[in-house]
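Predicted model, so just to flag it, every value in this text is computed and none were measured. Indexing begins at 1, ligand by ligand and atom by atom, following the structure's order.
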Amino acid sequence: MLVKKIAVLFSGSGTNLENILKKLHLKEFNGFKIEVVTAICNNPDAGGIIRSRNFGIEPIIINHKDFPSREDFDKELVVSIKKCKADLTVLAGFMRFLTPVFIQNIKAINLHPSLLPLFKGGHAIEESFKSSMKVGGITVHHVSEELDGGAIIAQRCFQKDSSMNLDDYEKKIHQLEYELFPNVIVDVLSK
Ligand code: GAR
């Protein structure tokens, strides 16, 4: 059977990585099998490292602090991703700004916890929670040279409830992420 290979990049707790491993790794879809061929992390203290190991995948740690420039770090990412011949790279909470060295060499999609183009950057959940908007949501988009600015593939939103605190809001965001992201990965690999 045809195997489609994905590389997953993460920086933190790795719950989306875990969800991808649970729902997609070595599973069959539309006549192909998905394999997570590598998990790459830039943060040696990330909680996601143990989650990855629990699925038998030893993550590659590429600490951005070990590189003199963003470009040098990205070169190393590109080498690792190319080595495992990933068809698609999935950014699941990967909190690094990527340079053209990466963008021009790697086909990647990113998960972002807001309704882009609103609330770009690393504080999207808190900023969107505090905003006057009546809905919150998430976006999956192609990775481009503009931070959180690539073409949108899919979005989901929910009604904000005045009784929600930041914790409830964040939980709702993650719940939507766990539903949407694996489905989008399958769709993108099916094309
Ligand atoms: C997710 O909410 C994801 O949308 C966000 O980081 C979190 C990672 O959680 N990504 C960004 O903010 C990208 N700008 P996880 O490590 O538990 O999967």
Original post:
Does any pair with a residue in residues 64-90 pass ring-ring contact (aromatic ring centres under 6.0 Å, His included), and if so which ones, sequence neighbours excluded?
Top reply: F67-F73
Which atom pairs, nitrogen or oxygen on both sides, join ligand 1 and the protein at under 3.5 angstrom?
from	atom 1	to	atom 2	distance (Å)
ligand 1	2 (O)	E177	OE1	3.1
ligand 1	2 (O)	E177	OE2	2.9
ligand 1	4 (O)	E177	OE2	2.5
ligand 1	14 (N)	H112	ND1	3.2
ligand 1	16 (O)	S13	N	3.4
ligand 1	16 (O)	S13	OG	3.4
ligand 1	16 (O)	G14	N	2.7
ligand 1	17 (O)	S13	OG	2.7
ligand 1	17 (O)	T15	N	3.0
ligand 1	17 (O)	T15	OG1	2.5
ligand 1	18 (O)	T15	N	3.3
ligand 1	18 (O)	N16	N	2.8
ligand 1	18 (O)	N16	ND2	2.9

Subject >> Sequence-distant partners of R70, side chain to side chain donor-acceptor pair (under 3.5 Å), two or more places apart >> reply: none
Original post:
Going through the distances and angles, do F129 and F119 end up as a ring pair (Phe, Tyr, Trp, His ring centres under 6.0 Å)?
Top reply: CA-CA 10 Å; F129 173 73; F119 310 112; over 10 Å; no
Original post:
Counting only heavy atoms not in K27, do more than 12 fall under 6.0 Å of its NZ?
Top reply: yes
Subject >> Sequence-distant partners of S144, side chain to side chain donor-acceptor pair (under 3.5 Å), two or more places apart >> reply: none
**OP:** Report yes if the distance between the aromatic ring centroids of F158 and Y169 is under 6.0 Å, otherwise no.
**Re:** yes
